[in-house]
Amino acid sequence: MTYVVTDACIRCKYMDCVEVCPVDCFYEGENMLVINPNECIDCGVCEPECPAEAILPDTESGLEQWLELNNTFSAQWPNVTRNAGQTPADADAHKGEEGKYDKYFSPEPGSGD
């Protein structure tokens with residue numbers, strides 16, 4: 001099992017999860033984070049820290065596409081290990097919004113640490 005970041009993170013990117021991750025398995029895109037499934041130790045401390053409820057265990061049904069996306073982009077985006085005030089100013093406005101992947105997803109990398 002591993003944890004995955006879903007589209008609920010897009011345009012929110014609160015980064016509270018990054019602060020508690022003991023193995024630094026988060027990677028930063030322009031407008032979302034992903035988890036490297038090969039580095040995640042399944043501890044689950046990140047899940048309750050996410051205000052957008054974007055982190056879920058991959059054992060939940062229907063998350064195959066998110067596991068693939070997390071795996072793909074964690075290999076391309078820079079590692080992020082701390083919240084350096086990078087949460088978007090309009091994050092709360094996008095919290096809970098539906099269909100964010102189709103509207104806003106960007107494959108561009110973030111800045112990382």
Of all pairs that satisfy salt bridge (Lys or Arg N to Asp or Glu O under 4.0 Å), the ones with a partner from residues 96-113, not counting sequence neighbours
Glu97-Lys103

Asn70 and Ile35 have their tightest heavy-atom pair at OD1-N, 2.8 Å

What's the spacing between Thr72 OG1 and Asn36 CG if we round to 0.5 Å?
10.5 Å

Provide the closest heavy-atom pair for Pro22 versus Val45 in the form atom of the first, atom of the second, distance.
CD-CG2, 4.0 Å

Enumerate, atom names and distances included, each donor-acceptor pair closer than 3.5 Å involving a side-chain atom of residues 46-53, sequence neighbours excluded.
none

Given the rule that I, L, V, M, F, W and Y join up when any side-chain heavy atoms are under 4.5 Å apart, are Val80 and Tyr14 in one cluster?
no

Does the side chain of Arg11 come within less than 4.5 Å of Asp90's, by heavy atoms?
yes

Rounded to the nearest 0.5 Å, how far apart are SG of Cys40 and CE of Met1?
7.5 Å

Check the hydrophobic clustering (I, L, V, M, F, W, Y; side-chain heavy atoms under 4.5 Å; chains of links allowed) and say if Met15 and Met32 are grouped together.
yes

Between Asp58 (side chain) and Leu63 (backbone), is there a donor-acceptor pair under 3.5 Å?
no

Tell me if the centroids of the rings in Phe26 and Trp77 come within less than 6.0 Å of each other.
no

Validation row: Tyr104, His94 side chains within 4.5 angstrom (heavy atoms):
yes

Gap between atom CD of Glu60 and atom CH2 of Trp66 - 0.5 Å precision:
14.0 Å

CD1 on Ile41 to SG on Cys21, rounded to 0.5 Å:
7.0 Å

Search all heavy atoms of Asn71 against all heavy atoms of Pro37 and return the closest pair with its distance.
OD1-CG, 3.6 Å

Please report the closest heavy-atom contact between Gly112 and Pro78, naming both atoms and the distance.
N-CG, 3.7 Å

Under a 3.5 Å distance rule, please check whether Asn31 uses its side chain to pair with a backbone N or O of Cys12 as donor and acceptor.
no

Got a sec, which pairs hit salt bridge (Lys or Arg N to Asp or Glu O under 4.0 Å) with one end in residues 19-44, sequence neighbours left out?
Lys13-Glu28

Where is the tightest heavy-atom contact between Leu33 and Val5, given as atom of each residue plus distance?
O-CG1, 3.1 Å

For the student: nearest non-hydrogen atoms of Val18 and Thr81, plus distance:
CG1-C, 3.1 Å

To the nearest 0.5 Å, how far apart are CG in Asp16 and OG1 in Thr87?
6.5 Å

